Amino acid sequence: MTNTLKIDALVVGGGIAGMQASLDLADQGYQVALVEKNPSVGGMMAGLSKVFPTLDCCSCITTPKMSAVAHHANISLMTYSEVQSVMGNEGDYQVRVMKKPRYVIEDECSGCRSCEMVCPLDLPDYDNEYGRGAHRVIYVPFSTAVPQKALIDIDNCIYCGKCLKACTTNAIDFAQQPEYVNIETTSIVLATGYKTTPYDAKKEYGGGRLRNVVHGMMVERLLAPTGAYGRQLRPSDGRQPDNIAYVQCAGSRDLTLGVDYCSRVCCMYAIKQAMLLAGALPMADITIYYMDIRAFGKGYEQFYENAKAMGIQFVKGKVARITEDENQNPILRVELIDQNSRVVERKHDLAVLSVGMLPGFDPNSMYGVPVDKDGFIKAPNPNISPTLTMREGIFATGTATGPMDIVDSIITAGAVAAEAAAYIQSHNGHRQLVAEQTERSVTHA
Amino acid sequence: MPEKDESQAKPREEPRIGVYVCNCGGNIGNVVACDNVARVLGKLPNVVTSHSHMFMCSDPGQNLIIDDIKEKGVNRVVIGACSLFLHEQTFRSAVERAGLNPYLYYHVGLREQVSWVHHDNPKEATDKATRMMMGGIAKARYMRPLEPVRLDAGKHALVIGGGVAGLRSALDIARRGLQVTLIEKSHYLGGHMAQWERVFPTHQKARVLLKELIERVLAEPNITIHTGAQVVRTQGYVGNFQIKIRQEPRGVHGAFPNEQEAVAVCPIKQRREFDYGLSTRKAIYRAYNGCVPESLVIDWENCTKCGECVKVAPEGMINLNEEAREFDLKVGAVVLATGFKPYEPLYGEMGWKEFPEVITLAQLHRLLDDEGPSDGKFYWNGHPVRDVAIIHCVGSRQIEGVHRPQPDGNVNNYCSRVCCTASMSMAALIRQKAPDAKVYDIYEDIRTYGRGHEDYYRNAGKEQVTFLRYFAEEIPEVMRADESADRPLLVKVKDHLTWGETIELPVDLVVLATGMMPNPVDDLIGMFKVSPGNDRFLLEVHPKLRPVETAVNGIVLAGTAQGPMNIQESCAAAGAAASKVAALLIQGEVELEPFVAVVDPERCNGSGKCIEHCPQEEALTLETFTENGRTFQRAVVTPANCNGCGVCAGVCPNRAIDVAGWRLDEFEAMVEAITDEIPAMEGAI
């Protein structure tokens, strides 16, 4: 079965930037389709603990927006879906979207999670917990996922049929096939986000090899109330760490990795995590090894000053290498630039690599939108029109256009909505824009 | 006719209250025993269901409420969670989706008012949370359905400020088919951007880029521009602001052939603001060549009206007796794009004003500009500049007790965001213009954070710029060198890149990378009732949830009025502001909160007390009615003008006036409930 959807804007990517752009366009009366490849919207932000500089719980910012995109009358939300092809010309794009089979009928599933209770198999949760937690073969992605619908990891399913029996709404369908939606749209907004630097990228740091070398996103999950453990512990022995090191620029500003840019967020998230860890582990020593502390945003410098006042140690120096002792304590070799440039080896019991941002997706082959030398989407006029791409009618926002934090992602999402809205307006000025008109132009072909 | 308050007359349905206590991901739950609170409250009369939840604002949390409304017949909702500023709208829309009137929900702040302030005392915090929730439940028993006040909105926005953010937001709003009036205080468009030599990260000429933008704005038929214009009075509310604007006269009407002569005969010499005082201008002048609007302008403050320019100009071109004009606008929303001013160092701060060889980064931009006061030659005092020291964080990242406060007692404890990359860009340009020059860059942290910015830092290194690092506690000193020295200044800095050694740098010029300060807009702050933050920039509601909106509905922020930003960030913020304005005005209708005064016609005897004390204009009037041959007076509310302050309720001798949603009976019930006994519970807290 193929559906056809006529819309004003297709937003690709349901992270914070894509959600905000969708809401800002939909609030202006435009019809929007939001396509997200994962089974839930929320993106990377949904996995964070608290956010700088307000220390709001991250879910309190992101989950209402997740809810809003699901319920907005002008937004068609397609999760677990991927764009397959993009045809057509400026202002008149035909996009084919595949809805991947969840093996659970979305309209029927009530999200009661009875299936999870009876499923006999646990799988490491790589998507949300970096392998630290587990989920069942049939599972709702996470507790605040939108939609709250189960899906089956079909490759690992043993077809025992327990979920079939447990499901109260007969939602399970092992024979489910992909569905396709043809979208006719005036504009496309790319909000395809970023991925973090693999933490084993810099071999000298031993990420993935040394057990007590973790990365920033793992610590987010340790600190998050929804995390797998609900407490702070180090991987090798489950002990609470009491001497934690942060290694800044682990994947940014590093020509040996081919990443010559600053990832913008790592200084602040390291400081934030250090503050949260200091709260959770009051006796712990926390040291941040940095090149430059880049606390540039509104309220960030004060946040940095607060961290210093809390006793978090800031040491200027680029960590050269991490090894470990017989107790698997990471040993950092570092030049203490502020202390006569001595080269020392310092023992900690947990080392956190402040990994940076890499482009999440190269849109060139699918969308004809080239990227710049840093791999992020190229902006032809970055100062005045930061959300334009090299192709008319296709716009970009959030970390698809370069590393940025949540505040800046939300701002550029508002900007892309303005840019796309103006474009749509000039293209279909005649089209009636009435928000109350909730009747969608969906036809079955 | 005065409205008859039906909700009081008709027998109310039995309240069936749903109670929800949010853990806020631990923000509340780590202090307040939320499960216990929910259990205790579940015992109260009328409470049908009571839950605690990790994230009430998430979709599953919202669905819990919706299901209870639909399945358990809950008709009043009380939620204890974060501040209502964050999620009142979220929960209202959830309640509404379930088919219940959204005003039958009450929000208790358990985070800001309880867990955050009492984190050291969980037991008492739990007790307080319970009591506050009991108050909410008591109020819920009295809550009545309300309807928002719906009003026509003008499809017209006012943008205040003609810098890059104002221009960009005007363009974005106008492109959505809305009318825009753009006012600019000075007599030309472009703001500070016109003064920059080049912009990063593209290394384009700033004025070329600006000109393109201005041309797009001028070509947009929906935009009307007034330069030399300021807001003098405001009234009204979202959708319907009445704004009085005063426009200073230009004095000159268009271009004429012998402009140069007219300028030459003017006897007055003034500091040229555009060059930050590096050059002078006359009292009849043009800000810079190519500025928009292009015609000359009279500096009324300094013009003596000697009439020399009038004599040489063609008749009617110059009018020294032109008067300012005032006119009124009606707009639906306002964008504040009032921009920044560079920090002005204090006398003697790193040699500022003490030594003429100390300039600011903004002045350096003018000095290196091909169209600047030295035609782009890197000269100072008539001599080529050889060695330069750039000192970062002047007027930024200041620490109380370390840095000298400004006259108002403030220090700027924020990072100004743009100075690092701007300094790197300028350092490299100096090396290009003067390949033999030594450039010393004295910094705390190099914050070349943006896309392409790091290239400028690396490039400065390649250009052999020498970096020295100081700590805020050890501010570099700028002093006069010995007469025998061949460089006029000496910069003394304790450099932490070379073993903390104190290094003395002989230089010709010291450049202070001064930060950004908000333009002083106290008048606008007062008129629009928006708030500045601790950093004195204008404050948004929430940096992530509502990053460009102010607490006043219909007033949004764009650009550096809100905080330091570069041009790219200003344009993005301007776009975001335009999106909000478009969403607000495109329907031609706005909704206001229903929390306005209501008069009980049975009780009002027309005493007029409420009108006497009402602080709002035209919110309350006394009107004469005739019913059954009897003539009497009664207070009448104009909901659009009422801000729900409740002064009237306090002064009415007959309890005849109340604020909808906040009635006295509700308050009384809340006070009673908060001071009541907490129901006992097995297992205790």
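All figures in this text were calculated on a predicted structure; none of them were measured in a lab. Letters A, B, ... mirror the listed sequences (proteins, then strands); counts begin at 1.
- For a residue to count as touching a neighbouring chain, one of its non-hydrogen atoms must lie under 4.5 Å from one of that chain's; by this rule A:P53 touches chain B with backbone and side chain alike.
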Start with the C-alpha gap between A:D338 and B:R469, add the side-chain angles, then the distance that decides, and say whether salt bridge (Lys or Arg N to Asp or Glu O under 4.0 Å) holds. CA-CA 9 Å; A:D338 293 334; B:R469 182 171 193 243; 3.1 Å; yes
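- Interface remark: A:D408 contributes side-chain atoms only to the contact with chain B (heavy atom separation under 4.5 Å).
- For the residue pair A:A418 and B:G575, the shortest heavy atom distance occurs at CB-O, 3.3 Å.
- For A:D292 (side chain) and B:I446 (main-chain N/O), a donor-acceptor pair under 3.5 Å exists by modelled atom type.
- Using a 4.0 Å cut-off between charged side-chain N and carboxylate O, B:E454 and A:R294 make a salt bridge.
- Contacts of A:I410 with chain B are made by side-chain atoms alone, with heavy-atom separations under 4.5 Å and no backbone atom involved.
- Listed for the B:R176 side chain is no donor-acceptor partner under 3.5 Å among the backbone atoms of A:A421.
- Under a 4.0 Å N-O distance rule, the pair B:R417/A:E301 does not qualify as a salt bridge.
- There is no contact between A:T387 and chain B, counting heavy-atom distances below 4.5 Å.
- Considering only heavy atoms from C-beta on, B:Y457 comes within 4.5 Å of A:R253 through its side chain.
- Between A:D27 and B:K580, no side-chain nitrogen of the basic residue sits less than 4.0 Å from a carboxylate oxygen of the acidic one, so the salt-bridge criterion is not met.
- Looking at A:Y300, neither its backbone nor its side chain comes within 4.5 Å of chain B, counting heavy atoms on both sides.
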In sequence, state the C-alpha distance, the side-chain angles, and the governing distance for A:D260 and B:D455, and then conclude on side chain to side chain contact (heavy atoms under 4.5 Å, CB included). CA-CA 8 Å; A:D260 58 5; B:D455 295 348; 3.9 Å; yes
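- A:L255 places a side-chain heavy atom less than 4.5 Å from the side chain of B:R458.
- Nearest heavy atoms, B:L538 versus A:K298: O-NZ, 2.9 Å.
- Looking at A:T226, the atoms closer than 4.5 Å to chain B (heavy atoms on both sides) all sit in the side chain, from C-beta outward.
- Heavy atoms of B:R216 lying under 4.5 Å from chain A belong exclusively to its side chain.
- At a 4.5 Å heavy-atom cutoff, B:N23 makes no contact with chain A through either its backbone or its side chain.
- For A:K316 (side chain) and B:L497 (main-chain N/O), no donor-acceptor pair under 3.5 Å exists by modelled atom type.
- Interface residue B:Q562: backbone and side-chain heavy atoms are both found under 4.5 Å from chain A.
- Counting all heavy atoms, side chain and backbone alike, B:A576 lies closest to A:I411 at CB-O, 3.6 Å.
- Interface residue B:F200: only backbone heavy atoms are found under 4.5 Å from chain A.
- Heavy atoms closer than 4.5 Å to chain B are found in the backbone of A:F52, but not in its side chain.
- Between the side chains of A:D24 and B:S579, no donor-acceptor pair of N or O atoms lies under 3.5 Å.
- Using a 4.5 Å cut-off on side-chain heavy atoms (C-beta onward), B:L209 and A:N381 make contact.
- A salt bridge between B:R451 and A:D374 is present, with a side-chain N of the basic residue lying under 4.0 Å from a carboxylate O of the acidic one.
- If you tally non-hydrogen atom pairs under 4.5 Å between each of B:T90, B:L545, B:D172, B:D535 and chain A, the highest count goes to B:L545.
- Each of B:L171, B:V199, B:I567 was evaluated against A:I384; a single residue qualifies, B:I567, per the side-chain contact (heavy atoms from CB on, under 4.5 Å) test.
- For A:E419, the parts lying under 4.5 angstrom from a heavy atom of chain B are both the backbone and the side chain.
- The backbone N or O of A:C60 lies less than 3.5 Å from a partner atom in the side chain of B:H87, making a donor-acceptor pair.
- Closest heavy-atom contact between A:C57 and B:N27: CB-ND2, 3.2 Å.
- Of all the heavy atoms in B:C415 and A:F296, the pair that sits closest is SG-CA, 3.7 Å.
- Two residues are said to be in side-chain contact when any heavy atoms from C-beta on lie closer than 4.5 Å; A:N383 and B:P201 meet this criterion.
- Only the side chain of B:L213 comes within contact range of chain A, with at least one heavy atom under 4.5 Å from a heavy atom of that chain.
- For A:L55, the part sitting under 4.5 Å from any heavy atom of chain B is the backbone (N, CA, C, O) and nothing else.
- Two residues are said to be in side-chain contact when any heavy atoms from C-beta on lie closer than 4.5 Å; B:C571 and A:P386 meet this criterion.
- With respect to the salt-bridge test (charged N to carboxylate O, under 4.0 angstrom), the residues A:D56 and B:K544 do not qualify.
- For A:L223, no part sits under 4.5 Å from any heavy atom of chain B, backbone or side chain.
- With a threshold of 4.5 angstrom between heavy atoms, A:Y304 approaches chain B through side-chain atoms but not through N, CA, C or O.
- There is no contact between B:S396 and chain A, counting heavy-atom distances below 4.5 Å.
- Applying the ring-ring contact (aromatic ring centres under 6.0 Å, His included) test to B:W116 and every residue at least two apart in sequence or in another chain returns nothing.
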A:Y290 vs B:D445, side chain to side chain contact (heavy atoms under 4.5 Å, CB included): CA-CA, chis, key distance, verdict: CA-CA 10 Å; A:Y290 70 95; B:D445 292 283; 3.6 Å; yes
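- Under a 4.0 Å N-O distance rule, the pair B:R397/A:E305 does not qualify as a salt bridge.
- When only modelled atom types and interatomic distance are considered, A:Q425 and B:R175 share no side-chain donor-acceptor pair under 3.5 Å.
- Pairing each heavy atom of A:A295 with each of B:R447, the nearest pair is O-NH1, 3.0 Å.
- There is no contact between A:Q339 and chain B, counting heavy-atom distances below 4.5 Å.
- At a cut-off of 3.5 Å, with distance as the only test, a side-chain donor of B:N413 or A:Q302 sits close to an acceptor on the other residue.
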